[in-house]
Amino acid sequence: MKRFSNIFVSLLVALCLNTAIASETKNEDVNSLINKSIIAIQDKDYEKALSFINQAKTVNYNNNNSRVSKTDDSTIAEIYQMEGQLLEILGKKDEAISAWYNCLNYAKTDALKREAEVHLKHLRD
């Protein structure tokens, strides 16, 4: 479990750097919520981190599930990536599977697609 935590922290650092670099094209509210989630993860408050991720997801859509923000698909994929990781840590397997499928749906890079597929395979086995 410790190895998984180290990998998870490394992924979060990479995600944080990616978010910082591309922040000019992304919705400020979403970035703020992602950063709050990262801080909660560092504090090992995974439920709180998940609540921030859930808020970041809702910022992107109105009541009719239509996209309303400038957040691009790669950021949405990263939000689902974080959600999947958090749900795995919290032992919520079925919800994690759903999050990873959403991540795979929005992923633009081969690396993120492979990561989602690995997590899905692990969760389904």
Between L90 and I79, is there a shared hydrophobic cluster once you connect ILVMFWY residues whose side-chain heavy atoms come closer than 4.5 Å?
-> yes

Members besides L120 in its Ile/Leu/Val/Met/Phe/Trp/Tyr cluster (side-chain heavy atoms under 4.5 Å) | I97, W100, Y101, L104, L123

Look up atom CD1 in I76 and atom NZ in K108, then write down how far apart they are to the nearest 0.5 Å.
-> 9.5 Å

Sequence neighbours excluded, the answer for side-chain hydrogen bond (donor to acceptor under 3.5 Å, both in side chains) partners of D125 is K121

Cluster overlap I38 with L112, hydrophobic side-chain contacts below 4.5 Å | no

Go through the steps for I89 and I41 under the test side chain to side chain contact (heavy atoms under 4.5 Å, CB included), then give the verdict.
-> CA-CA 11 Å; I89 288 171; I41 290 166; over 6 Å; no

Which heavy atom in G84 sits nearest to a heavy atom in A96, and how many Å separate them?
-> O-CB, 3.9 Å

Contacts of K92 meeting salt bridge (charged side-chain N to carboxylate O under 4.0 Å, His left out) (sequence neighbours excluded), chain-then-number -> E47

If you round to the nearest 0.5 Å, how far is CG of D45 from CG of L50?
-> 10.5 Å

Partner residues of K48 under the salt bridge (charged side-chain N to carboxylate O under 4.0 Å, His left out) criterion, sequence neighbours left out = none

For the residue pair M82 and Y80, establish whether any side-chain heavy-atom pair is separated by less than 4.5 Å.
-> no

Taking every heavy atom of F52 against every heavy atom of L33, the minimum-distance pair comes out as CB-O, 3.5 Å

What's the spacing between K113 NZ and E117 CD if we round to 0.5 Å?
-> 8.5 Å

Sub-4.5 Å side-chain heavy-atom contact between T109 and S74 = no

side-chain contact (heavy atoms from CB on, under 4.5 Å) partners for A99, two or more places apart | E83, L87

Residue pair A49 / S37: nearest heavy atoms and the distance that separates them | O-OG, 3.1 Å

Is there a side-chain contact between E88 and H122, using heavy atoms and a 4.5 Å cut-off?
-> yes

